[in-house]
Amino acid sequence: MTIAKAMHNIEKNLVLVQKKIEQSAISCKRNPEHITLLAVSKTKPIADIIAAYEYGQRDFGENYLQEAEQKIAELTDKDIIWHYIGPIQSNKTRKISELFDWVHSVDRLKIARRLNETHAADKAPLNILLQVNIENEPSKSGILPDEILPLAKQIETFHRLKLRGLMAIPAIHKDPEQQRKPFAQMREALTQLQQIYPDCDTLSMGMTGDMQAAIAEGSTLVRIGTAIFGARANKTTR
Ligand SMILES: *Cc1c(COP(=O)(O)O)cnc(C)c1O
């Protein structure tokens, strides 16, 4: 697809997604400006990222380090804020801390320690979120809610990291009320964390299928792929 064609679709999609965020926020009396749109560009070509960028999108999320490395290298002239949202192998922490501004998927002390060790001292601290397995699903990574405070406490001494909040990927539930439950639990978990760490201002939750429920329960950052860039080839699962 040419950049012009990609631009047309992606621009249209961004308008729709922004509208949906706005409507979801307004319907629960929240300020839409308090919700950041993260465009999840995994598996999508650089032309798509450029199209979204031209339209004004600045935050982009990637899951696969190798793929992200290539894209980031080709887009160094653009003021993009890169978010790493995929699983982290501990031997990849150096690359991740070098390339990204945010890491949403910190789920153990070892990873945090290594990100802290490898993040360049002359750069701004790396923004991190703790990934929470809020529904305790065996197939999902992330810490359990009662592990949040102990891990945050251990991370306190890591001065090249800045703990900004929590991230979750709950299962899709057909019933809208049911869908809100895990997001509500995440909101409560963030409130608890904020009692001790008031700088924690970020709740990364909500994807194409559940952004409305996530926003209703206080999401400050929605991670949207499909609704912006279209369906992906069958490479990823929730
Ligand atoms: C792929 C992915 C998304 C985007 O999902 P969509 O359903 O395409 O919006 C968001 N968050 C994470 C962690 C992902 O892996």
Side-chain angles (χ1 to χ4, degrees), residues 6 9-10 12-24 35-45 48-49 51-52 55 57-69 71-72 80-89 92 96 99-108 111 127-135 137 139-143 164-174 176 179-180 182-183 186 190 202-238:
N9 289 325
I10 288 169
K12 232 173 41 195
N13 292 345
L14 276 168
V15 171
L16 290 173
V17 169
Q18 280 163 349
K19 207 168 262 167
K20 184 155 185 191
I21 292 172
E22 208 175 289
Q23 283 164 352
S24 306
I35 300 153
T36 300
L37 172 56
L38 176 63
V40 176
S41 45
K42 66 183 179 204
T43 81
K44 297 295 177 179
D48 286 11
I49 297 178
Y55 183 68
Q57 179 65 31
R58 289 296 176 270
D59 291 88
F60 290 87
E62 289 282 340
N63 288 54
Y64 309 104
L65 186 58
Q66 252 190 330
E67 178 193 336
E69 211 176 334
K71 290 174 172 172
I72 294 172
I80 290 177
I81 302 163
W82 291 102
H83 299 244
Y84 188 78
I85 61 174
I88 308 175
Q89 292 168 276
K92 299 289 165 58
I96 290 171
L99 295 170
F100 289 86
D101 305 290
W102 285 74
V103 179
H104 291 224
S105 40
V106 174
D107 63 354
R108 53 198 192 274
I111 294 298
N127 295 295
I128 62 158
L129 302 175
L130 303 181
Q131 182 172 350
V132 182
N133 186 355
I134 193 67
E135 293 171 299
E137 295 172 86
S139 64
K140 294 251 174 89
S141 46
I143 56 176
R164 295 292 297 270
L166 305 173
M167 179 272 231
I169 316 172
I172 284 283
H173 298 280
K174 284 207 188 79
Q179 187 68 75
R180 282 178 64 156
F183 292 131
M186 286 296 293
L190 183 75
T202 303
L203 202 45
S204 165
M205 58 189 200
M207 304 170 39
T208 294
D210 57 15
M211 68 173 119
Q212 213 168 348
I215 289 170
E217 295 296 347
S219 169
T220 68
L221 184 153
V222 288
R223 308 178 309 266
I224 309 297
T226 308
I228 298 173
F229 299 111
R232 290 176 295 275
N234 189 25
K235 190 174 174 185
T236 56
T237 50
R238 234 173 117 84

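Every number for a ligand or one of its atoms is a count from 1 in the order of the listing.
- Taking a cut-off of under 4.0 Å to the non-hydrogen atoms of I169, the atoms of ligand 1 that pass are 13 (C).
- Close contacts between ligand 1 and I224 involve ligand atoms 9 (O) [criterion: under 4.0 Å to a heavy atom].
- Heavy atoms of T208 found under 4.0 angstrom from ligand 1 belong to the backbone as well as the side chain.
- For V40, no nitrogen or oxygen atom sits less than 3.5 Å from a nitrogen or oxygen atom of ligand 1, counting backbone and side chain alike.
- Listed by number with element, the atoms of ligand 1 under 4.0 angstrom from any heavy atom of T226 are 6 (P), 7 (O), 8 (O), 9 (O).
- Smallest separation of non-hydrogen atoms from K140 and I169: NZ-O, 2.9 Å.
- Each of the atoms 4 (C), 9 (O), 10 (C), 11 (N), 12 (C), 13 (C) of ligand 1 lies under 4.0 Å from some heavy atom of R223.
- Looking only at side-chain heavy atoms (C-beta outward), D59 and L221 stay at 4.5 Å or farther from each other.
- Other residues, nucleotides and ligands contribute only 12 or fewer heavy atoms inside 6.0 Å of the CD atom of Q212.
- Atoms of ligand 1 lying under 4.0 Å from any heavy atom of I85, numbered from 1 in the order shown and given with element: 11 (N), 12 (C), 13 (C), 14 (C).
- In this structure F229 satisfies the ring pair (Phe, Tyr, Trp, His ring centres under 6.0 Å) test with no other residue, sequence neighbours excluded.
- Shown here for E67 and E62, the closest heavy-atom pair between the two residues is OE2-OE1, 3.4 Å.
- A tilted orientation is assigned to the rings of F60 and W82, their planes being inclined by 30° to 60°.
- Distances from atom 2 (C) of ligand 1 to the heavy atoms of H83, M205, K42, R232 show the closest one on K42.
- Applying side chain to side chain contact (heavy atoms under 4.5 Å, CB included) to H83 and the options L38, N63, V40, T36 leaves one that passes, L38.
- Taking every non-hydrogen atom of N63 and a distance limit under 4.0 Å, the qualifying atoms of ligand 1 come out as 14 (C), 15 (O).
- For H104, the heavy-atom gap to ligand 1 stays at 4.0 angstrom or more.
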